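The first residue of the sequence shown is numbered 1, and numbering continues consecutively from there. These numbers were taken from a predicted model, which means no experiment stands behind them.
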Amino acid sequence: TTGCKVFQISDSTIDIFEAPTAYFSIMDTLGCDSLAVQLIQQSTGGVPLTQWNWYVDGVLADSGSNPGIHLDQLGVYDLSLIVSDVRGCRDTLERLSAVKVASSPTPQITTGDSVGCIPFSTQAVVLVPGHPSPLLESQWTLDSNQTGQGSPHTIDVAMPGMQDLVVQVTDVNGCVGTAKKSIEGLVPPHPDFAADLRFACAPVSIQFTDFSTGGNGIATWSWDFGNGISSQDSQPLIPYLQDGVFDVMLKVTGENGCSD
């Protein structure tokens, strides 16, 4: 009836806590065919931090403080971290296109000749069909001996037998691939012969004897006796009807197809 009102006043406090600041580092950001991502959380503030939720392309991947996450699919991935402290305060850090998993090149070797009579040279070319990234380097070795870089590349073969031609390619992502092809060096024959007479009076018949070796055995003989007569026999008997000085040439071909 007097119009007086009674108020009750009480003291209260509002606590504003410092929120955490999410931060992390990535040990490896590029992998070839797969990637083991080691994440190191470096968040600050918030006393103490109690939860770390890690997301790969928006999908929860781990809840550890410093997790390792394995990626086995090709692509570029976003990473994000949500940290929470004991009071429920939290913060988010997102890194777009943070890591990449690229494909390794799968090279192929083509050569002009893979079999030849030593010494011989062959042109080698490396191809990487369907690979999405440009090549940065091509390194060639022949039986573990470095021969050079680049494509096309000339390979000099000097040793006999089967040899491994290997190319190692590196693309712009640092991904590496290798290919191998067999190269065979054939040993050519060594022509040699003797005549039963070196000096004689015309007319005379001279016996020629072949002593050629190599080439996996001699398959054919081609003689030029300098007097207009030729022969394909291995041990020909050749008449010389006029006097003079005559140059004799023998070309042999081995069973392996090499000639000298």
Side-chain angles (χ1 to χ4, degrees), residues 7-109 126-141 144 146 149-151 164 166-180:
F7 294 91
Q8 182 177 358
I9 300 175
S10 63
D11 293 332
S12 63
T13 58
I14 299 176
D15 293 329
I16 306 298
F17 301 110
E18 178 187 4
T21 300
Y23 192 80
F24 64 91
S25 60
I26 308 169
M27 297 299 293
D28 296 296
T29 60
L30 176 63
C32 301
D33 301 318
S34 64
L35 177 62
V37 183
Q38 182 63 53
L39 299 170
I40 306 298
Q41 84 83 22
Q42 297 169 314
S43 305
T44 58
V47 183
L49 296 177
T50 58
Q51 191 172 28
W52 303 263
N53 287 335
W54 301 86
Y55 294 83
V56 177
D57 282 350
V59 178
L60 180 63
D62 203 287
S63 296
S65 59
N66 298 296
I69 298 175
H70 185 75
L71 303 174
D72 57 7
Q73 299 293 323
L74 303 182
V76 178
Y77 296 86
D78 302 334
L79 299 179
S80 59
L81 168 64
I82 300 177
V83 294
S84 302
D85 65 15
V86 70
R87 300 183 179 95
C89 298
R90 65 181 188 173
D91 189 34
T92 301
L93 175 61
E94 182 179 24
R95 292 186 175 177
L96 302 178
S97 303
V99 295
K100 178 180 180 180
V101 180
S103 61
S104 294
T106 306
Q108 301 173 0
I109 298 175
V126 60
L127 303 173
V128 190
H131 190 62
S133 302
L135 294 183
L136 193 63
E137 181 182 69
S138 302
Q139 180 68 57
W140 299 88
T141 58
S144 301
Q146 185 170 326
Q149 299 181 358
S151 178
D164 288 332
V166 177
V167 63
Q168 178 177 286
V169 298
T170 306
D171 67 13
V172 294
N173 295 312
C175 297
V176 175
T178 60
K180 181 172 69 174

Quiz item: side-chain hydrogen bond (donor to acceptor under 3.5 Å, both in side chains) with Gln108: which residues, sequence neighbours excluded?
Solution: none
Self-check item: Non-neighbouring partners of Ser43 that pass side-chain hydrogen bond (donor to acceptor under 3.5 Å, both in side chains), sequence neighbours left out
Solution: Gln41
Looking at [atom1] of [X] and [atom2] of [Y], how far apart are the two atoms once the value is rounded to the nearest 0.5 Å?
X	Y	atom1	atom2	value
Thr50	Arg87	OG1	CZ	11.0 Å
Asp164	Lys180	CG	NZ	4.5 Å
Leu49	Ser84	CG	OG	8.5 Å

Practice problem: Could you tell me which non-hydrogen atom of Val83 sits nearest to which non-hydrogen atom of Ala22, and how far apart they are? | Solution: CG2-CB, 3.8 Å
Self-check item: Distance-minimising heavy-atom pair for Thr106 and Val128
Solution: N-CG1, 3.8 Å
Self-check item: Side chains of Leu93 and Asp91 in contact at under 4.5 Å (non-hydrogen atoms)
Solution: no
Exercise. Kindly indicate whether the side chain of Trp54, heavy atoms from C-beta on, has any atom under 4.5 Å from the side chain of Leu79.
Key: no
Self-check item: Donor-acceptor pair, side chain of Arg95 and main chain of Phe24, under 3.5 angstrom
Solution: yes
Quiz item: Are any side-chain N or O atoms of Asp78 and backbone N or O atoms of Ser97, one a donor and one an acceptor, separated by less than 3.5 Å?
Solution: yes
Quiz item: By side-chain contact (heavy atoms from CB on, under 4.5 Å), which residues pair with Leu60, not counting sequence neighbours?
Solution: Asn53, Tyr55, Ser63
Quiz item: Considering residues at least two apart in sequence or located in another chain, which fulfil the ring pair (Phe, Tyr, Trp, His ring centres under 6.0 Å) criterion with Tyr77?
Solution: none
Can I get a per-line list of side-chain donor-acceptor pairs under 3.5 Å for residues 167-177, giving both atom names and the distance, sequence neighbours left out?
from   : atom 1 : to     : atom 2 : distance (Å)
Asp171 : OD1    : Asn173 : N      : 2.9
Asp171 : OD1    : Gly174 : N      : 3.2
Asp171 : OD1    : Cys175 : N      : 2.9
Asp171 : OD2    : His131 : NE2    : 2.8
Asn173 : OD1    : Lys100 : NZ     : 3.4
Asn173 : ND2    : Ser133 : OG     : 3.0

Enumerate, atom names and distances included, each donor-acceptor pair closer than 3.5 Å involving a side-chain atom of residues 25-39, sequence neighbours excluded.
from  : atom 1 : to     : atom 2 : distance (Å)
Asp33 : OD1    : Ser104 : N      : 3.0
Asp33 : OD2    : Ser104 : OG     : 2.7
Gln38 : NE2    : Asn66  : O      : 3.1
Gln38 : NE2    : Pro67  : O      : 3.3

